[in-house]
Amino acid sequence: MNRPARPTEGRVIGGVCAALARRFHTSPTTVRVVFLLSCLLPGPQFVLYIALWILLPSEQKTRTAW
């Protein structure tokens, strides 16, 4: 299975939601709405988003590495 990567096209802010949408075969808009709704609940949503932004490689970097 391919490792998730942040896409270079169709990304908003960091591309984390678009990468998760590709990984789970769903619409990026759906993932973004779910993330925004989850921000209404207490929890580390923003910390998780920033961590994924740092940990997920950009699609450009993964293409040149292979």
Side-chain angles (χ1 to χ4, degrees):
M1 181 175 284
N2 292 340
R3 189 171 174 200
R6 294 180 293 117
T8 55
E9 295 179 10
R11 68 200 289 183
V12 177
I13 304 178
V16 173
C17 290
L20 292 175
R22 277 190 185 176
R23 171 67 176 91
F24 295 111
H25 306 287
T26 187
S27 166
T29 305
T30 303
V31 176
R32 290 179 186 124
V33 168
V34 168
F35 175 74
L36 288 175
L37 290 175
S38 75
C39 290
L40 298 174
L41 301 171
Q45 290 86 346
F46 291 110
V47 175
L48 181 63
Y49 187 91
I50 292 171
L52 287 174
W53 193 350
I54 293 169
L55 294 174
L56 288 176
S58 181
E59 204 171 51
Q60 291 173 332
K61 292 180 183 176
T62 57
R63 283 186 188 166
T64 58
W66 298 102

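All heavy atoms count here, side chains included; hydrogens, waters and symmetry mates do not.
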Linked, directly or transitively: [X] and [Y] (ILVMFWY side chains, under 4.5 Å):
X     : Y     : result
Leu48 : Val31 : yes
Phe24 : Leu52 : yes
Phe46 : Val16 : yes

With a 4.5 Å cut-off on side-chain heavy atoms, are Leu40 and Leu37 touching?
yes
Quick one: sort the Tyr49 and Phe35 rings into parallel, tilted or perpendicular, breaks at 30° and 60°.
tilted
I need the minimum non-hydrogen distance between [X] and [Y], along with the two atoms involved.
X     : Y     : result
Ala18 : Arg32 : CB-NH2, 4.2 Å
Ala5  : Ala19 : O-CB, 3.4 Å
Pro57 : Pro4  : CD-O, 3.8 Å
Leu56 : Arg6  : O-NE, 3.0 Å

Looking at [atom1] of [X] and [atom2] of [Y], how far apart are the two atoms once the value is rounded to the nearest 0.5 Å?
X     : Y     : atom1 : atom2 : value
Glu59 : Arg11 : CD    : CZ    : 9.0 Å
Ile50 : Ile13 : CD1   : CD1   : 10.0 Å
Trp53 : Cys17 : CH2   : SG    : 11.0 Å

